[in-house]
Each structure stands twice: as structure tokens, then as C-alpha cells.
Amino acid sequence: MSEEKSDYKRPSWDEYFLAIVKEVATRATCDRGRTGCVIVKDKRILTTGYVGSPIGLPHCDEAGHQYKKTVHEDGKVSNHCVRTIHAEQNAICQAARNGIPLDGATIYCILEPCFVCAKMIVNAGIKKVVCEKRYHAGQDTRDVLDQAGVKLVALSEELQKYDNQ
């Protein structure tokens, strides 16, 4: 009996944690951006988060979106759903609620974090961000993470697009 070489390729740590992020994202309650994240230190998951409303408040999937218009410096207008909390914010809040320090951790995300999340990531002490796709308004994120010495790894230059953006 001969042994055949398997085509199986063991995932890298980044691939492994991003696969878990995709599963976490299935819990998201805003169909506009069903994202999730996982915060890891020393190859161990510390906390997870997904897009959802504050505890006890209605979710987009139940009550619909709560859009707010944002006018950017260049005059472009975009719509943002403000009913939910971003996955990164939820994961950082879960760590705070449970007394889990995030200093030196890595955060894995489907999408490059927004500017507010980037500032929270810096203040939480997270030192690395690994994301699958770019955020359409990600330049401020890239700038603040760079200035703060937080490494950003984007596995693709693909931009995430949303309906009613």
C-alpha cells in the first residue's frame, strides 16, 4: 500500500484566526456590514466581537437601519448606520467588562477598522491589526495606527462597498 501525499495545507495563524472571525461575524445583527473580530495574544483568543446594538436595544435586523449622513472635507456625503456598535468596539468592551488586558495583543478583522475603532485600538494597547479588506474611508485609520506604532496588515487591497454608502 503506497502513501499518497495529501493536498491539505495547514492554515497560517493569520488564516486560522481570520476564519474564526468569519464565524464570529455570523452573529452580527446589521445586514449592511456583518463583520466580526477576534483579539488574540500569544496565539490565544482573548475576546471576540461582532456588529450589534448595545445590550437590550433593538437591532437593525429587527428595527431597521438608523442612518446618519456624514459630510466629508471634500464635500462627499456618505450614509452611516449608527444603531450598532462596531465589532472592534464590542470586543474591546467585552475585554473591559471581564478584566482582560489587551496590551500587546493582535486584533483580527474582516475589514480595516474605522477611525474611531483605530483610536480605541491604540488606547487599548493593541499592537497589531490584521484585516482581510480595506475600508473605503481608511486613510485616517492608517495614519493614526502608523503614528501610534501599531502595525497594520491588510491581506487584500479590495475595498469593502456597502449599499446606500
Side-chain angles (χ1 to χ4, degrees), residues 12-63 65-68 70 78-156 159-160 162 165:
S12 70
W13 284 108
D14 287 350
E15 291 167 335
Y16 171 73
F17 289 122
L18 283 170
I20 294 170
V21 165
K22 290 176 185 175
E23 190 64 30
V24 170
T26 66
R27 292 282 306 152
T29 61
C30 180
D31 66 359
R32 191 158 182 260
R34 291 198 196 277
T35 62
C37 76
V38 174
I39 301 177
V40 173
K41 187 170 183 180
D42 299 327
K43 300 177 184 163
R44 302 287 183 254
I45 295 172
L46 301 176
T47 186
T48 66
Y50 53 85
V51 174
S53 294
I55 295 169
L57 298 182
H59 296 283
C60 293
D61 290 351
E62 302 161 347
H65 298 289
Q66 185 179 351
Y67 286 119
K68 299 288 182 180
T70 300
S78 61
N79 287 306
H80 294 272
C81 181
V82 297
R83 183 176 302 285
T84 59
I85 299 168
H86 292 181
E88 299 88 343
Q89 295 165 357
N90 266 328
I92 291 168
C93 287
Q94 288 300 319
R97 284 184 72 151
N98 292 296
I100 301 169
L102 301 179
D103 197 45
T106 297
I107 189 167
Y108 289 87
C109 317
I110 291 174
L111 186 59
E112 188 174 30
C114 75
F115 186 50
V116 171
C117 288
K119 292 183 286 185
M120 290 180 69
I121 287 166
V122 169
N123 277 4
I126 295 168
K127 296 299 180 195
K128 185 177 177 184
V129 177
V130 178
C131 61
E132 192 172 69
K133 298 177 185 175
R134 294 287 190 182
Y135 177 51
H136 68 92
Q139 189 57 53
D140 289 337
T141 291
R142 291 187 285 277
D143 291 344
V144 77
L145 293 177
D146 183 56
Q147 290 169 19
V150 176
K151 184 176 181 180
L152 173 63
V153 177
L155 301 182
S156 167
L159 287 178
Q160 179 69 39
Y162 293 109
Q165 192 167 324

Report the C-alpha distance between Thr35 and Cys109 in whole Å, list the side-chain angles of each, state the deciding distance to 0.1 Å, and finish with yes or no for side chain to side chain contact (heavy atoms under 4.5 Å, CB included). CA-CA 8 Å; Thr35 62; Cys109 317; over 6 Å; no
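- The closest side-chain heavy-atom distance from Asp31 to His65 is below 4.5 Å.
- How far NZ of Lys22 is from CD of Glu132: 3.5 Å, rounded to the nearest 0.5 Å.
- The backbone N or O of Leu102 sits nowhere less than 3.5 Å from a side-chain atom of Lys41 that would complete a donor-acceptor pair.
- Nearest heavy-atom pair across Val24 and Cys37 is CG1-O, 4.1 Å.
- Donor-acceptor pairing under 3.5 Å is recorded for the side chains of Asp143 and Gln139.
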In sequence, state the C-alpha distance, the side-chain angles, and the governing distance for Thr47 and Asn98, and then conclude on side chain to side chain contact (heavy atoms under 4.5 Å, CB included). CA-CA 9 Å; Thr47 186; Asn98 292 296; over 6 Å; no
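- Side chains of Val129 and Thr141 form no contact here, defined as non-hydrogen atoms less than 4.5 Å apart.
- Under the 4.5 Å side-chain criterion, counting only non-hydrogen atoms from C-beta, Glu62 is not in contact with Thr29.
- Interatomic distance, Arg34 CZ to Ile110 CD1, rounded to the nearest 0.5 Å: 11.5 Å.
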Side chain to side chain contact (heavy atoms under 4.5 Å, CB included) for Met120 and Glu88? Distances and angles first, verdict last. CA-CA 8 Å; Met120 290 180 69; Glu88 299 88 343; over 6 Å; no
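- Ring geometry for Trp13 against Tyr16 counts as perpendicular: the plane angle is over 60°, on a 0 to 90° scale with 30° as the lower cut.
- More than 12 non-hydrogen atoms from other residues, nucleotides or ligands lie less than 6.0 angstrom from CZ of Arg142.
- Looking at every heavy atom in both residues, Leu111 comes nearest to Cys131 through C-CB, 3.8 Å.
- Asp14 and Tyr108 are linked by a side-chain donor-acceptor pair at a separation below 3.5 angstrom, with hydrogens and angles left out of the test.
- In this structure, CD1 on Ile85 lies 12.0 Å from SG on Cys30, to the nearest 0.5 angstrom.
- To the nearest 0.5 Å, the span separating CD1 on Ile126 from CG on Leu145 amounts to 10.0 Å.
- Shown are Arg32, His80, Arg83; of these, the side-chain contact (heavy atoms from CB on, under 4.5 Å) with Tyr67 is made only by Arg32.
- Looking at every heavy atom in both residues, Val144 comes nearest to Phe115 through CB-CE1, 4.0 Å.
- Here the OH-OG1 distance, from Tyr50 to Thr26, works out to 9.5 Å after rounding to the nearest 0.5 Å.
- When every heavy atom of Gly138 is checked against every heavy atom of Glu112, the shortest pair comes out as CA-OE1, 4.0 Å.
- Shortest non-hydrogen contact noted between Gly36 and Val21 is O-CG1, 3.2 Å.
- Put simply, the side chain of Ile92 reaches to within 4.5 Å of the side chain of Ile39, judged on heavy atoms.
- Summarising the geometry, atom CD1 belonging to Ile107 is positioned 10.5 Å from atom OG1 belonging to Thr48; distances are rounded to the nearest 0.5 Å.
- The heavy-atom pair separating Pro58 from Ser53 by the smallest distance is O-OG, 2.7 Å.
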